[in-house]
Amino acid sequence: EVQLAESGGGLVQAGGSLTLSCAASGFTSDDYAINWFRQGPGKEREGVACISSGDNSRNYADSVKGRFTISSDNTKRTVYLQMNNLRPEDTAVYYCAAEEGSGAGYGCYVHLFPEYWGKGTLVTVSS
């Protein structure tokens, strides 16, 4: 079974940067996509970014374009989310999620809820 573990959350001042990591294990193929979602206080869970293993395509939510960058190290099955110019409204629990098979590795959908989820890591941005 696919397992995901996030790390790298913490407290940062507005305008600062933080990098989250998602260590994945249990994939049985190279056909997968990994997403980052977040859920802020009193808000619904929303997609932030995604990356697909096969064609390395990446997509971002409009709210983070130009500030966040998703990348991957396929040899380590690890995905990173580099977050720059953080804002208080970026405060949330950030979740790593993954989908495998059926062409998931070719093109990804930032707002599509995948099958597998990590437990999340908290990011707090102070003003």
Side-chain angles (χ1 to χ4, degrees):
E1 182 174 330
V2 175
Q3 294 186 326
L4 305 163
E6 305 94 337
S7 62
L11 174 64
V12 62
Q13 288 188 331
S17 298
L18 209 58
T19 299
L20 305 182
S21 299
C22 171
S25 62
F27 288 123
T28 60
S29 71
D30 290 327
D31 180 22
Y32 60 88
I34 294 180
N35 288 45
W36 284 99
F37 282 77
R38 68 184 181 185
Q39 188 165 15
K43 298 181 180 179
E44 294 186 351
R45 194 170 298 190
E46 62 174 355
V48 175
C50 64
I51 187 167
S52 49
S53 64
D55 61 3
N56 205 35
S57 61
R58 311 170 197 202
N59 288 298
Y60 299 90
D62 289 343
S63 58
V64 306
K65 279 181 183 176
R67 300 189 299 123
F68 290 13
T69 302
I70 190 169
S71 62
S72 67
D73 182 339
N74 288 338
T75 60
K76 296 181 180 179
R77 298 288 176 105
T78 300
V79 170
Y80 305 96
L81 186 68
Q82 171 70 42
M83 306 185 293
N84 297 327
N85 192 21
L86 283 161
R87 305 167 180 167
E89 54 264 38
D90 294 318
T91 294
V93 176
Y94 283 73
Y95 298 91
C96 176
E99 189 73 32
E100 184 180 14
S102 300
Y106 298 86
C108 66
Y109 301 91
V110 67
H111 301 298
L112 184 66
F113 277 53
E115 181 176 0
Y116 304 103
W117 290 80
K119 295 182 178 179
T121 185
L122 177 63
V123 173
T124 303
V125 184
S126 63
S127 57

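Residue indices begin at 1 and follow the sequence shown.
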If a pair satisfies disulfide bond (SG atoms under 2.5 Å apart) and one of its residues is in residues 94-127, list it, with sequence neighbours excluded.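 Disulfide bond (SG atoms under 2.5 Å apart) check on residues 94-127 returns C22-C96, C50-C108.
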Kindly say whether G120 contributes a backbone atom to a donor-acceptor pair with the side chain of E6 at under 3.5 angstrom?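 Checking the backbone N and O of G120 against the side chain of E6, a donor-acceptor pair under 3.5 Å is found.
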N/O donor-acceptor pair under 3.5 Å between S52 side chain and S57 backbone: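 Yes; at least one donor-acceptor contact below 3.5 Å.
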Residues in salt bridge (charged side-chain N to carboxylate O under 4.0 Å, His left out) with K43, at least two apart?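 With sequence neighbours excluded, K43 shows a salt bridge (charged side-chain N to carboxylate O under 4.0 Å, His left out) to no residue whatsoever.
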Considering residues at least two apart in sequence or located in another chain, which fulfil the salt bridge (charged side-chain N to carboxylate O under 4.0 Å, His left out) criterion with D55?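 Once residues adjacent in sequence are excluded, D55 has no partner under the salt bridge (charged side-chain N to carboxylate O under 4.0 Å, His left out) criterion.
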Hphob cluster co-occupancy, [X] + [Y], side-chain heavy atoms under 4.5 angstrom:
X	Y	answer
V2	Y80	no
L4	I70	yes
L86	L20	yes
V110	W36	no
I34	V93	no

Pairs flagged by salt bridge (charged side-chain N to carboxylate O under 4.0 Å, His left out) wherever residues 19-34 is involved - sequence neighbours left out: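 For residues 19-34: D30-R77.
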Contact list for residues 93-115, test salt bridge (charged side-chain N to carboxylate O under 4.0 Å, His left out), sequence neighbours left out: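 Residue pairs passing salt bridge (charged side-chain N to carboxylate O under 4.0 Å, His left out), neighbours aside: none found.
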All side-chain hydrogen bond (donor to acceptor under 3.5 Å, both in side chains) counterparts of [X], not counting sequence neighbours:
X	answer
S126	none
E89	none
T91	none
D90	R38, R67

List, by chain and number, the other hydrophobic cluster members for L112, where Ile, Leu, Val, Met, Phe, Trp and Tyr join if side-chain heavy atoms come within less than 4.5 Å, directly or indirectly.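 Hydrophobic cluster check, L112: joined to Y109.
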For the residue pair S17 and V12, establish whether any side-chain heavy-atom pair is separated by less than 4.5 Å.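 A side-chain contact is absent here, since even the closest heavy-atom pair is not under 4.5 Å.
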Residue list, ring-ring contact (aromatic ring centres under 6.0 Å, His included) with F113, at least two apart or on another chain: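 F113: ring-ring contact (aromatic ring centres under 6.0 Å, His included) contacts with F37, W117.
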Residues forming a ring-ring contact (aromatic ring centres under 6.0 Å, His included) with F27, sequence neighbours excluded: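 Applying ring-ring contact (aromatic ring centres under 6.0 Å, His included) to F27 gives Y32.
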